Every structure is written in structure tokens, then in C-alpha cells.
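None of these values were measured; they are calculated from a predicted model. Just so it is clear, the values below take in all heavy atoms, side chains as well, and ignore hydrogens, waters and symmetry mates. Positions are given from 1 along the sequence.
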Amino acid sequence: MVDATGIGPEEWTSWRSFLSMQGQLARALDRQLQRDSDISHADFSVLVTIWNAENRQLRVGELASLLAWEKSRVSHQVTRMETRGLLERSDCADDARATWIGLTFEGRRTILHAIRGHAADVRRLYLDLLTPEELEVMERASRRVLDTLDPAVCELLDAPD
């Protein structure tokens, strides 16, 4: 039976389970990053995105697009991380108005350390709990939703490392 929203009880149950799983998994991974590497999920997202970028540097606008954040949020986050010695800004030769955001030695050390623990927890809390078939279904479903929301995200997921 479908209620006035057009969503049936089983669909609501599925949606609530997904939201609960996503929230609790994110919190567990956040705690691991704080405990093991003394960084937030936002720090990790910035560091790993820059780590994966060509020449390990990005402009603020590119970083904002890749993270799906507002440019002002990225600017504030970068400033905090620059103060902590994780990131550095440098002039962009192509565009005098832009600056590159890159990893410092400490930023590289931090992301390499953080990735190890993060990967272990992703494996323990997600990958090892699902069969290969379930992982494939989750990946296909996630891409379908992402493609509806922002097709460019799926293009980024398909980009070679």
C-alpha cells in the first residue's frame, strides 16, 4: 500500500535503512580518521582529492567541483588546513587570478598514513560484509543515482587514477 507521499511502507523501510547505514558508517569512519590520523572527514576529503589530482594540485574551483562543495567552504577549509601545515598555495602561471592548492610534506605524510587505516575500516565495515554481487549492485545503483544528480561525478569516477 502506498501512502499520500506515493511511497509504500517497504520503500520507506528501505530508505530509512539506507540513511541509517550511511550515517552510522560515516560516523565510524570519521572516528577512525580522528583517532588514527587526527584529521576530520573534510580534511581527508580535501587531502585525498588533491593526492589523486594531476601533479597533486588543484585550483579552488576544481576542488569545489570535485568535492561538490561551495567555493567558500573549500576556501575556509583550505585556509584551516594551510594553517596546520597540510596544504600550501602557489601562484598559477596560467591565470594570475587563481592559485594552486597543493600538499605540503606534512599533508602527504598525513594522507598516506590516513589512507591505510581508512582502507582497513572500509574493508572491515563495508566491503567484507557484502558479497561481490551485492557490491556490484550497490555500485550500479549508486552510479545511477549520481548520474541523475550530477553526471559529471560519474565521469570523475570513471577517470583513470
Side-chain angles (χ1 to χ4, degrees), residues 11-54 56-89 100-161:
E11 292 169 316
W12 277 122
T13 299
S14 177
W15 177 244
R16 285 190 301 271
S17 293
F18 168 77
L19 287 179
S20 180
M21 180 271 303
Q22 185 271 334
Q24 290 188 41
L25 181 58
R27 280 189 293 283
L29 294 172
D30 288 347
R31 284 192 301 271
Q32 174 272 319
L33 287 169
Q34 285 289 339
R35 180 186 66 240
D36 296 347
S37 302
D38 198 29
I39 60 173
S40 68
H41 183 263
D43 294 336
F44 181 82
S45 296
V46 169
L47 291 171
V48 79
T49 301
I50 294 172
W51 177 261
N52 288 322
E54 186 177 337
R56 303 216 195 288
Q57 61 182 7
L58 290 166
R59 296 176 187 171
V60 170
E62 294 169 324
L63 186 55
S65 179
L66 289 167
L67 293 171
W69 292 1
E70 296 294 324
K71 284 174 87 172
S72 62
R73 178 181 179 193
V74 170
S75 292
H76 291 298
Q77 184 69 33
V78 166
T79 298
R80 287 190 296 273
M81 294 174 73
E82 190 176 24
T83 301
R84 292 172 33 224
L86 299 172
L87 299 176
E88 61 188 355
R89 297 176 199 252
W100 289 110
I101 309 300
L103 302 172
T104 62
F105 175 80
E106 182 63 19
R108 289 188 299 276
R109 187 195 67 73
T110 298
I111 192 58
L112 289 172
H113 178 266
I115 284 174
R116 287 185 198 103
H118 188 69
D121 271 5
V122 167
R123 171 146 311 282
R124 181 177 62 84
L125 298 171
Y126 184 75
L127 299 173
D128 287 348
L129 301 177
L130 301 174
T131 66
E133 295 78 18
E134 290 169 327
L135 288 171
E136 185 180 331
V137 168
M138 293 290 287
E139 191 268 339
R140 279 197 329 261
S142 296
R143 282 179 180 264
R144 188 175 318 133
V145 172
L146 286 170
D147 195 45
T148 299
L149 297 171
D150 187 354
V153 171
C154 283
E155 291 173 22
L156 291 172
L157 292 172
D158 290 331
D161 290 333

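Taking a cutoff of 4.0 Å between a charged side-chain nitrogen and a carboxylate oxygen, Asp43 and Arg84 qualify as a salt bridge. One finds a salt bridge joining Asp121 and Arg124 here, because a Lys/Arg side-chain nitrogen approaches an Asp/Glu carboxylate oxygen to under 4.0 Å. For Arg109 and Glu106, the salt-bridge test passes: some basic side-chain N is under 4.0 Å from an acidic carboxylate O.
Checking Leu58, Leu63, Ile50 one by one against Val78, the side chain to side chain contact (heavy atoms under 4.5 Å, CB included) holds for a single residue, Leu63.
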Check step by step if side chain to side chain contact (heavy atoms under 4.5 Å, CB included) holds for Leu125 and Gln32.
CA-CA 11 Å; Leu125 298 171; Gln32 174 272 319; over 6 Å; no
Worked verdict on Leu29 versus Tyr126 for side chain to side chain contact (heavy atoms under 4.5 Å, CB included)
CA-CA 11 Å; Leu29 294 172; Tyr126 184 75; over 6 Å; no
Test Thr79 against Arg89 for side-chain hydrogen bond (donor to acceptor under 3.5 Å, both in side chains), laying out the working first.
CA-CA 9 Å; Thr79 298; Arg89 297 176 199 252; 2.9 Å; yes
In sequence, state the C-alpha distance, the side-chain angles, and the governing distance for Gln34 and Arg31, and then conclude on side-chain hydrogen bond (donor to acceptor under 3.5 Å, both in side chains).
CA-CA 5 Å; Gln34 285 289 339; Arg31 284 192 301 271; over 6 Å; no
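Looking at Gln24, its side chain never comes within 3.5 Å of a backbone N or O of Met21 through a donor-acceptor pair. A donor-acceptor pair under 3.5 Å is formed between the side chain of Ser17 and the backbone N or O of Thr13. Counting only distance, with no hydrogens or angles, the side chain of Asp147 and the backbone of Arg143 share no donor-acceptor pair below 3.5 Å.
Between Leu103 and Leu86, every side-chain heavy-atom pair lies at or beyond the 4.5 Å cut-off.
Taking every heavy atom of both residues into account, His113 and Asp36 meet most closely at CE1-O, 2.8 Å.
When the shell of 6.0 Å around CD of Glu70 is examined, it contains 12 or fewer heavy atoms from other residues, nucleotides or ligands.
For the pair Arg108 and Trp51, the cation does not sit on the ring face, since its NZ or CZ is not both under 6.0 Å from the ring centre and inside 45° of the axis.
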